[in-house]
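Keep in mind that what you see is a predicted model, and the values were worked out from it rather than measured. We name chains A, B, ... by the order of the sequence lines, and we start the count at 1 in each one.
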Amino acid sequence: MELLDNLVFGFSVSLTLQNILFCFLGVLVGTLIGVLPGIGPPATVAMLLPATFYLSPVPALIMLAGIYYGAQYGGSTTAILVNMPGESSSVVTCLDGYQMARKGRAGAALAIAALASLFAGTMATLLIAIASPPLSRLALKFLAAEYFSLMVLGLVGSIVLAHGSLLKAVAMVFLGLLLGLIGTDINSGAERFTFDVPMLGDGIGFVVVAMGLFGLAEILANLEKRDRRQIDPSIGTLMPTREEFRLAWPATLRGTTIGAILGVLPGGGALLASFGAYAFEKKISRDPSRFGKGAVEGVAAPESANNAGAQTSFIPLLTLGIPGNPVMALMIGAMMIQGISPGPQVMTQQPELFWGVITSMWLGNVMLVIINLPMIGIWVRLLKVPYRLLFPSILLFCAIGVYSLNNSGFEVGLAALFGLMGYVFYKLGCEPAPLVLGFILGPLMEENLRRAMLLSHGDPLVFVQRPISAVLLLMAAALLLLVVLPVFRKTREQAFKEAA
Amino acid sequence: MHRLRINQDFVAGLMFAGWGLAGLWLGQSYPAGSALRMGPGYMPRLLCWGLLILGALITIKGIIVAGEKVERWHWRPLLMVSAAVLAFAFLLEPAGLLVATFAIVTIGALGGPEFRPVEVLFLAAGLALGAVVLFIYGLNLPLAIWPPFLV
């Protein structure tokens, strides 16, 4: 069986002592930083990116993936114990998780979150292993027109999935695309928007943008809120009761399914997955009033969903070379630093990388449970560090992280500028995620648009005449139409409102 | 007379339109080319016009619909955090990692809710030590520890 062979091969890579070690290190450091409130997965991964430069590609990517889902998971611990989301995808976990903690069931909530995540992670890993080979084969047929249409679909996805005003999300995509074009135009060699600054010739680094818009802007936003952490030191027993168990497992199944699907969508990933799963649970529950008061399903569903979503968001990255969310964009950056060009050919040309990373995800999920349940006491102590000590430390690590990419002080200053921009966006209710996605895809889109137009001798109909491209555009149009339709628009607004 | 509402949409729309205008003005010399052979100005112009139109639409929406108001700005964290990062950027190469770390931690801490000088000093010292061990000895980043002009 092909699947089994692939997995066995993958484990033969990921189960070497060195790779186990780096997987563990990634998961551990990811959890450590994820537990700290006010620093989300994109900033965590960006901050730790330089730590992987000196590794060879396989352990580097295994470690980065570990950091990602470690950070994801650490956020849930914070959400349950102190009612403050460590990152945005665990916002909904706060609602019922913290209520369970207040009822003295913190241990059970943590255990359910851990087990639900493990189940979701296992299923998502399997799904990646099953879905990737046919998808890469399909992707090998892609020409410029298909890639362009795929990116359009991705951007439309990120618009639909953003909070708040659609118009603003579209504008953010445009702005991101524009910022992405800064630097030397590869076709003509002309410099665009560089103000004759030689450091801008290669464009603005993605880590700079991510660190500014996520890392620094998050700190600024946190500094104006009062630190409202209340720590309940009693965790209680870790064992869920039979009743809790009975309620949790179907919710986990549903959460995993929703998360796995939404994670593959561009612009999706963990955030939307957890919101969607929570809203769904509330909708189908016989007694929706229990939600927000410590319903077990309200922990199991979003936790399984965000973990499944985090994992399946690797599918577009690994098979198409297209990042669906900011963290995946950082992974692309890491791959390129390692000399790997992301795309469908990775699976055939570097199978040890591909299958090694995928199987390491399952390994990492098992480690997460081990790290988190018995060692919960350590994380609780970490939670007690006051924010006034935390944020200068985060600031320092962000700055060193940006500097070490190109040994450039200029880029650190640029990150400060993007931090300022991020604060303005925050004040104006503009979500940064669509901008970041546009920023990453900007140069790629221009390149593919140009190539497609050259191949078709300037005939724009090429995008609808090629069947795969047409289907992708049709999907994008359908998504947009859905959002504009009043019925769906209401549910979308409600879903975000209920969960928020 | 209808009072102009200063809400998030109104301001955001103006901002996006401003980006579009700035881009058009800065990029006026880039040749656009044709759809078949796109010049370096083709995409930027397309995007800037898009931003201009979207910005206008968002502003109009801000005028018609009463949206969320723009909340009060907190200048202190904004200024101090930005200054801290900039100080780090400018000091790192000429003055070495230790000085830059003290600068970013102390200036940054000034933007926090409360400033305790002794505590911050200890924090900066601890972080400086950690940064030197981790980044210079551990990861071999090519950075000076002490100010180069002193050594």
Side-chain angles (χ1 to χ4, degrees), chain A residues 50-51 53-54 165 167-168 170-172 174-175 177-178 181 185 187-188 190 192-193 195 216 219-220 223-224 226-227 387-389 391-393 395-400 403-404 407 409-413 415-417 419-420 423-424 427-430 442 445-446 449-450 453-454 457-458 460, chain B residues 8-9 11-12 15-16 19 23 26-27 30-31 34-40 43-44 47-48 50-51 54-55 57-58 61 67-68 70-71 73-74 77-78 81-82 84-86 88-90 92-93 101 104-106 108-109 111-114 116 119-120 123-124 127 131 135 139-142:
Chain A
F53 286 174
Y54 303 93
S165 153
L167 271 178
K168 279 196 273 189
V170 179
M172 288 294 267
F174 272 62
L175 186 53
L177 289 167
L178 186 64
L181 297 183
D185 172 34
N187 274 41
S188 62
R192 293 187 288 193
F193 307 114
F195 305 98
L216 297 181
I219 291 178
L220 290 171
L223 279 178
E224 53 178 67
R226 291 251 319 282
D227 199 349
Y387 196 66
R388 64 165 197 279
L389 294 180
F391 84 87
S393 325
L395 219 51
L396 171 68
F397 281 84
C398 284
I400 298 184
Y403 178 84
S404 60
N407 297 324
F410 174 77
E411 294 201 323
V412 180
L417 195 68
L420 182 74
Y423 184 71
V424 174
K427 281 291 174 195
L428 298 180
C430 301
M445 261 182 111
E446 186 189 34
L449 177 64
R450 268 185 182 155
M453 292 307 250
L454 267 179
H457 304 287
Chain B
Q8 288 184 352
D9 281 351
V11 184
M15 177 191 72
F16 287 124
W19 279 103
L26 288 169
Y30 308 153
S34 63
L36 174 58
R37 293 196 185 279
M38 290 176 199
M43 274 286 267
L47 292 169
C48 288
L51 276 172
L54 284 165
L57 286 175
I58 297 168
K61 190 183 155 214
E68 276 181 64
V70 182
E71 275 176 65
W73 282 51
H74 294 239
L78 185 62
V81 168
S82 306
V85 178
L86 285 177
F88 184 87
F90 283 113
L92 188 58
E93 274 162 32
T101 302
I104 194 173
V105 174
T106 337
E114 50 182 323
R116 305 182 183 180
E119 193 186 75
V120 169
L123 178 69
L127 285 172
F135 292 102
L139 293 171
N140 284 320
L141 292 186

Given A:L175, A:L167, A:L181, the one with more heavy-atom pairs under 4.5 angstrom with chain B than any other is A:L175
Contacting region of A:F410 [heavy-atom separation from chain B under 4.5 Å]:
neither
Taking A:L396, A:V424, A:L178 one by one, which has the highest count of heavy-atom pairs under 4.5 Å against chain B?
A:L396
Validation row: A:C430, B:F16 side chains within 4.5 angstrom (heavy atoms)
yes
Looking at A:K427, is its backbone amide N or carbonyl O close enough to the side chain of B:Q8 to form a donor-acceptor pair, meaning the two atoms are under 3.5 Å apart?
yes
What distance do B:L86 atom CG and A:L417 atom CG have between them, rounded to the nearest 0.5 Å?
8.5 Å
Side chain, backbone, both or neither: which part of B:E93 has a non-hydrogen atom closer than 4.5 Å to chain A?
side chain
Anything under 30° is parallel, anything over 60° is perpendicular, the rest tilted; go ahead and classify B:W73 against A:Y423.
perpendicular
Within this structure, what is the CD1-CD1 distance for the pair A:I400 and B:I104, rounded to the nearest 0.5 Å?
8.0 Å
Report which part of A:S393 has an atom under 4.5 Å of a heavy atom belonging to chain B: side chain, backbone, both, or neither.
both
So what's closer than 4.5 Å to chain A heavy atoms on B:L92: side chain, backbone, both or neither?
side chain
Please check: side-chain N/O of A:R450 versus main-chain N/O of B:G39, any donor-acceptor pairing under 3.5 Å?
yes
Does any backbone or side-chain atom of B:A84 lie under 4.5 Å from a heavy atom of chain A? Answer side chain, backbone, both or neither.
side chain
Structural part of A:F193 lying under 4.5 Å from a heavy atom of chain B
both
Heavy-atom proximity to chain A below 4.5 Å, by part of B:L123:
side chain
Do the two ring centres, one from A:F174 and one from B:W19, sit under 6.0 Å apart?
no
Checking the side chain of A:Y387 only, and the main-chain atoms of B:P113 only, is there a donor and an acceptor separated by less than 3.5 Å?
no
Residue A:L449 versus chain B: region with a heavy atom under 4.5 Å
both
Value rounded to 0.5 Å, distance of CE in B:M15 from NZ in A:K168:
9.0 Å
So, taking the atom named CE in B:M43 and the one named CG in A:D185, what distance separates them when rounded to the nearest 0.5 Å?
10.5 Å
Heavy-atom proximity to chain A below 4.5 Å, by part of B:L47:
both
Determine whether A:N407 and B:P142 make a side-chain contact, defined as any pair of heavy atoms from C-beta on separated by less than 4.5 Å.
yes
